[in-house]
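Read through the structure below, which is laid out as structure tokens, and then see the notes.
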Amino acid sequence: MTAAVEFRNVTRHFGPVRAVDGVDLTIAEGSFFAMLGPSGSGKTTCLRLISGFDAPTSGEIRIFGEDSGHVPPNRRNVNTVFQDYALFPHMTVRDNVAYGLMVRGVDKATRRNKAEEMLSLVKLAGYGDRKPGQLSGGQRQRVALARALVNEPRVLLLDEPLGALDLKLRESMQDELKALQQRLGITFVFVTHDQGEALSMADQVAVFANGKVAQVGSPTDIYERPATKFVADFVGSSNVLPPALSRQFGGPDAWCSLRPEAIRVVEGAGQVTGTAGSARYLGAGTKLSVHLGRSEDMEISVVLPPGQAVPAPGTTVALQPMSGALHVMAGEK
Amino acid sequence: MTTRPATLPVRGPGDRLSDLFWRRPRLLLALLIGPPLLWLGVVYLGSLFALLLQSFYSIDEFSGLVVPEFTLKTYAELIRPSNFDIILRTVMMAAAVTAGCIVIAFPIAYYAARYARGRWKAAFYLGVMLPLWSSYLVKVYAWKLILAKEGIVTWAAEGTHTSGILNALLSLPVIGGNSLSTSYIGTWIVFVYVWIPYMILPMQAALERVPTSMIEASSDLGASSGQTLRTVILPLALPGVVAGSIFTFSLTLGDYIIPQIVGSSRLFIGQAVYTLQGTAGNIPLAAAFAVVPIAVMLVYLAIAKRMGAFDAL
Ligand SMILES: Nc1ncnc2c1ncn2[C@@H]1O[C@H](COP(=O)(O)OP(=O)(O)O)[C@@H](O)[C@H]1O
Ligand SMILES: [Mg+2]
């Protein structure tokens with residue numbers, strides 16, 4: 001399969017700030033690709049490098065195999081859904097959606113039909129005559145989506161498109177976006193700082209940390225087999241075990257990750273012994289923090305299945321990892 | 001456990017006053033806007049109304065006294081060719097000055113709004129405001145010297161062998177003349193110079209409010225820079241342009257000093273008002289002349305509103 005977008009050792013510095021620092025990435029055509037990372041980790045900068053609003057300090061970005069170095073944004077077959085939507089307030093919703101066709105000289109009748117088609121695609125048929133100011137946040141988001149899709153781009157870039165929406169709307173938009181991407185077959189590059197969003201929507205996830213890519217992989221890879229301490233910490237609630245503790249748990253002499261729900265808790269002493277601490281009810285289970293005493297002064301979190309009794313704080317408990325639950329983090333030496 | 005009161009004590013007259021205003025917010029509002037409203041209502045609108053009233057009086061041709069009876073005679077006199085020429089000349093000049101200001105101010109305002117940062121922004125504000133701090137008369141007289149036949153412009157044109165261009169400009173019908181300081185071109189140059197800060201500042205404020213992402217969105221969707229300028233930037237900057245043009249247009253309509261010092265010595269509305277209410281003592285006609293700029297501005301605003309200039313406000 002061809003790569004839709006390829007980063008080859010791309011760097012972008014702003015003075016002393018290394019916003020993007022030696023990134024290599026391959027985004028497969030037709031995939032839903034998420035860039036996940038905390039704020040300031042260089043995700044937006046990467047997106048702007050693809051759209052052409054920013055140029056790399058060094059390295060090269062290939063879009064469908066072509067070096068994009070000298071192609072201005074208006075000639076890239078890539079469109080963006082901006083974080084603040086950036087709808088034109090002086091135009092009607094229909095004119096906003098048809099804008100990409102208008103600047104390309106498409107005739108009025110075709111423009112109108114295509115805009116209406118796009119509006120019904122995003123379930124806003126009949127809203128064409130309104131101004132963006134008369135729409136709710138979720139509706140504006142859909143208009144921005146329709147406007148970016150009208151030119152039938154080969155790659156659609158979305159910069160935290162759901163960030164401004166409330167939880168319920170966000171969840172339904174996540175499903176819609178995913179369905180839309182599958183239907184249109186366009187490559188989506190989706191930026192988010194919400195790990196749940198990235199894991200539930202994407203085919204591939206790149207986790208960013210300080211301008212570098214910490215790990216690229218499928219959501220399962222990222223969630224179950226984090227490559228570094230940072231990924232384990234940021235993406236989930238995985239326990240990060242230093243080599244000595246990994247050995248105690250019966251694993252190799254290396255940094256390992258261990259998911260809280262993959263640990264069995266038994267009262268009494270055992271292979272790894274700790275003291276039960278505070279418990280937090282999560283609905284689908286109870287999260288318990290267990291303090292390992294003496295030499296390894298650290299907390300391990302475990303999730304108890306719904307039926308199991310929660311040990312009182314101060315009780316001595318033994319921890320047993322389920323078989324195959326311990327994962328070596330290849331990115332940590 | 002220490003007992004702390006649920007309500008804190010009043011600490012003095014300041015607290016008591018602020019309590020009062022909190023209980024009766026309208027009182028504060030009335031105190032704040034009362035005096036200026038009184039000023040606006042009585043002094044400002046009152047005198048405007050008196051002016052309007054005067055324009056419907058007429059003057060007795062024999063005694064030279066004002067006849068305080070309602071008549072449209074004065075307005076009939078206003079549209080006599082010799083008077084109407086004055087109006088036409090002034091309105092045309094105001095329009096030309098406004099157009100000139102828009103064209104010259106736009107790139108400056110655009111640069112200041114989109115590119116200037118920190119020190120350059122300060123330099124921009126200083127550069128635009130500095131001329132406003134020096135005396136208006138000094139500037140106009142300085143321009144008279146610059147534009148005079150023996151002035152700097154003529155001298156520079158000779159030095160750079162561009163006298164031909166200057167002479168061609170001066171030989172244009174109507175707007176040309178003996179020298180720049182005695183032609184409409186000269187008047188226009190000085191007007192544009194004096195009023196341009198009033199165009200740059202509102203334009204810059206309007207352009208500053210156009211988010212960068214909107215310009216990027218336009219480019220992202222395939223628009224060239226020219227298309228972005230026409231379809232996104234200009235429409236969004238329009239309220240600023242209209243605000244600026246209200247200044248330049250009305251300031252030119254009412255000015256009576258610049259055309260007197262620099263220009264072809266033909267009268268503008270301001271000068272007509274000045275002579276009519278002074279030496280000629282024809283207050284009604286002076287008032288009628290003074291009503292013209294107000295009427296012109298109202299028409300202008302109505303057109304601007306019709307064109308949707310205030311939709312983005
Ligand atoms: N135009 C810019 N000038 C200076 N620094 C910038 C600029 N754009 C981004 N940065 C810096 O680069 C880093 C990465 O920013 P960004 O790509 O926006 O991160 P993210 O989208 O992951 O939050 C941040 O430290 C940010 O301050
Ligand atoms: Mg960002």
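Note on naming: letters A, B, ... go to the chains in the order of the sequence lines (proteins, then strands), and numbering restarts at 1 for each one.
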### Message
Looking at A:F88, I'd like to know if the NZ or CZ of A:R147 sits under 6.0 Å from its six-membered ring centre while staying within 45 degrees of the ring's axis.
### Response
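Yes; both conditions hold, so A:R147 lies above the ring face of A:F88.
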Is it the side chain or the backbone of [X] that comes within 4.5 Å of chain B heavy atoms, both, or neither?
| X | value |
| --- | --- |
| A:L87 | backbone |
| A:N151 | side chain |
| A:A144 | neither |
| A:V81 | neither |

Which bit of B:T212 is near chain A, if near means a heavy-atom gap under 4.5 Å: side chain, backbone, both or neither?
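Neither; nothing under 4.5 Å.
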| Which portion of B:S225 sits near chain A, non-hydrogen atoms under 4.5 angstrom |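 It is neither, since no heavy atom gets under 4.5 Å.
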Would you say [atom1] of [X] has more than 12 non-hydrogen atoms from neighbouring residues, nucleotides or ligands within 6.0 angstrom?
| X | atom1 | result |
| --- | --- | --- |
| B:F247 | CZ | no |
| A:N210 | CG | no |
| B:L45 | CG | yes |

Do you know which of A:S51, A:P72, A:P73 has the most heavy-atom pairs under 4.5 Å to chain B?
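Greatest number of close heavy-atom pairs with chain B: A:P73.
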*asked:* Is there a side chain to side chain donor-acceptor pair (under 3.5 Å) between A:T192 and A:E197? Walk through the geometry before answering.
replied: CA-CA 7 Å; A:T192 180; A:E197 201 165 276; 3.1 Å; yes
Quick one: sort the B:Y136 and B:W195 rings into parallel, tilted or perpendicular, breaks at 30° and 60°.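 Parallel: the ring planes of B:Y136 and B:W195 meet at under 30°.
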